[in-house]
Amino acid sequence: SDYERKIENIRKYLFEQKNPKLYNDNLIPVKQRLVSVSNKLNDLKQFYNFLEKTFVYSGKADDFEVQNLQEFLNSLAIRNQFRLTKYNIKPDFENTDASFVVPKGAFTHVFYNLFDNSIYWIGERQHRAIYDKYYERKQSDEITVRVKDRYTIQYWDSGTGVFDKYQYTLFQPMESGKENGRGMGLYIVRKFLESFDAKIELLNDKNEYGNRYIFEITLNAQIENELANGTIE
């Protein structure tokens, strides 16, 4: 918490030793990294405060709601219509007319983040296609959601997919492939789902660019059964 004072003391010492080169070449990069880490920790604190205000799961029936997935996704697409139009992205929510018992705000937390990532990486793929034909796409760009079964939802898009160097760390905090990305979105999505024994994972399927790209969300079947049986107060 007091890294700035420590850095300043080292700076003074190095200049007393008449060694400004060590300060410029080595200490300044460390200071810059510490500033970056400090900013991301502050972002993390704000994210958690946001989660606590919008969803606190205490294991009670009042924490849950029945949410129709297709209705929610259509509403989300409307709220993102400007960005979808900008990148000419077509939402594909066919066969998502199903209802799920989820904690209040769950779909908002999960799909808002996935949607935001999709729009970014579709835009990134379109930009790369200007200079690299490998990333060209003849079909229209899409964000696709499918209900696999009663408790499983799959999500993918026509962006770049997850590059190899991120495929094992994308759910870790402060890990982002975006320029100026915080690296907190998918980490919070995962932790949020885990809070009610659900999960999200990146499947092994690969897109035409050789990258993994399908996210699978598995909800907790036990919660629905407990609610139906009245075992959750």
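Taking the centre of each ring, Phe171 and Tyr187 stay at or above the 6.0 Å mark.
Scanning for side chain to side chain contact (heavy atoms under 4.5 Å, CB included) contacts around Asn26 gives Leu22, with sequence neighbours left out. Residues forming a salt bridge (charged side-chain N to carboxylate O under 4.0 Å, His left out) with Glu8 (at least two apart in sequence, or on another chain): Arg11. Under the side-chain hydrogen bond (donor to acceptor under 3.5 Å, both in side chains) criterion, Arg5 pairs with Asp2, sequence neighbours left out. Remark: Lys206 pairs with no residue by the side-chain hydrogen bond (donor to acceptor under 3.5 Å, both in side chains) rule, at least two apart or across chains. Applying the salt bridge (charged side-chain N to carboxylate O under 4.0 Å, His left out) criterion to Asp141, with sequence neighbours excluded, gives Arg125, Arg137. Remark: Tyr87 engages no residue in a side-chain hydrogen bond (donor to acceptor under 3.5 Å, both in side chains) (not counting sequence neighbours). Take Ser140 and apply the side-chain hydrogen bond (donor to acceptor under 3.5 Å, both in side chains) test, not counting sequence neighbours, and it matches no residue. Remark: Arg212 pairs with no residue by the salt bridge (charged side-chain N to carboxylate O under 4.0 Å, His left out) rule, at least two apart or across chains.
Between Phe107 and Phe100, some side-chain heavy-atom pair lies under the 4.5 Å cut-off. Counting heavy atoms from C-beta on, the side chains of Arg190 and Leu186 never come closer than 4.5 Å. Side-chain contact between Ile122 and Gln126 is present, with at least one heavy-atom pair separated by less than 4.5 Å. Using a 4.5 Å heavy-atom cutoff, the side chains of Lys148 and Ile153 are not in contact. Annotation: side chain of Thr144 is not in contact with side chain of Gln154 (no heavy-atom distance under 4.5 Å). Put simply, the side chain of Thr152 does not reach to within 4.5 Å of the side chain of Val147, judged on heavy atoms. Put simply, the side chain of Leu202 does not reach to within 4.5 Å of the side chain of Tyr168, judged on heavy atoms. Two residues are said to be in side-chain contact when any heavy atoms from C-beta on lie closer than 4.5 Å; Leu114 and Val189 fail this criterion.
Rounding to the nearest 0.5 Å gives a distance of 9.0 Å between OG of Ser195 and NE2 of His109. Atom NZ of Lys6 sits about 14.5 Å away from atom NZ of Lys31, to the nearest 0.5 Å. A distance of 12.5 Å separates CD in Glu124 from CG in Asn117, rounded to the nearest 0.5 Å. In this structure, CG on Asn80 lies 7.5 Å from CG on Asp116, to the nearest 0.5 angstrom. The CG atom of Leu170 sits 9.0 Å away from the CD atom of Gln167 when rounded to the nearest 0.5 Å. A distance of 14.5 Å separates CG of Asp149 from CZ of Arg146, quoted to the nearest 0.5 Å.
Heavy-atom minimum distance, Leu34 versus Ile7: CD1-CD1, 4.2 Å. Smallest separation of non-hydrogen atoms from Asp157 and Tyr155: OD2-CE2, 4.4 Å.
For the pair Ser158 (side chain) and Glu142 (backbone), a donor-acceptor distance under 3.5 Å is present. Between the side chain of Asn19 and the backbone N or O of Leu14, no donor-acceptor pair lies under 3.5 Å. Judged purely by atom type and a 3.5 angstrom limit, Asn68 uses its side chain to pair as donor or acceptor with the backbone of Glu71. Asp132 places no side-chain N or O within 3.5 Å of a backbone atom of Tyr135 that could act as its donor or acceptor partner.
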Tell me, with the steps shown, if Asn113 and Phe192 meet side-chain contact (heavy atoms from CB on, under 4.5 Å).
-> CA-CA 12 Å; Asn113 210 286; Phe192 176 78; over 6 Å; no
Evaluate side-chain contact (heavy atoms from CB on, under 4.5 Å) for Thr96 paired with Leu73, printing each intermediate quantity in order.
-> CA-CA 9 Å; Thr96 60; Leu73 292 171; 4.3 Å; yes
Go through the steps for Leu84 and Ile143 under the test side-chain contact (heavy atoms from CB on, under 4.5 Å), then give the verdict.
-> CA-CA 10 Å; Leu84 292 173; Ile143 294 175; 4.1 Å; yes
Audit row: Thr108, Phe111, side-chain contact (heavy atoms from CB on, under 4.5 Å) steps and yes/no = CA-CA 6 Å; Thr108 298; Phe111 287 103; over 6 Å; no
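Looking at Glu194 and Lys199, no side-chain N of the basic residue comes within less than 4.0 Å of a carboxylate O on the acidic one, giving no salt bridge.
Ring orientation note: the planes of Phe93 and Phe115 are tilted relative to one another, at an angle of 30° to 60°. Using a 30° and 60° split on the angle between ring planes, Tyr209 and Tyr134 fall in the perpendicular class, above 60°.
Think of Phe82 as one node in a network of Ile, Leu, Val, Met, Phe, Trp and Tyr side chains linked at under 4.5 Å; it has no links at all. Other members of the cluster containing Ile214 are Trp156, Leu203, Tyr213, with ILVMFWY side chains joined at under 4.5 Å, either directly or via other members.
Applying the ring-ring contact (aromatic ring centres under 6.0 Å, His included) test to residues at least two apart or on different chains, the pairs with a partner in residues 9-31 are Phe15-Tyr23. For the salt bridge (Lys or Arg N to Asp or Glu O under 4.0 Å) condition, the pairs that include at least one residue of residues 14-25, sequence neighbours left out, are Lys21-Asp25.
Heavy-atom neighbours of Phe163 CZ from other residues, nucleotides or ligands within 6.0 Å: above the threshold of 12.
Looking only at atom types and distance, the side chain of Thr85 has a donor-acceptor partner in the side chain of Gln81 under 3.5 Å away.
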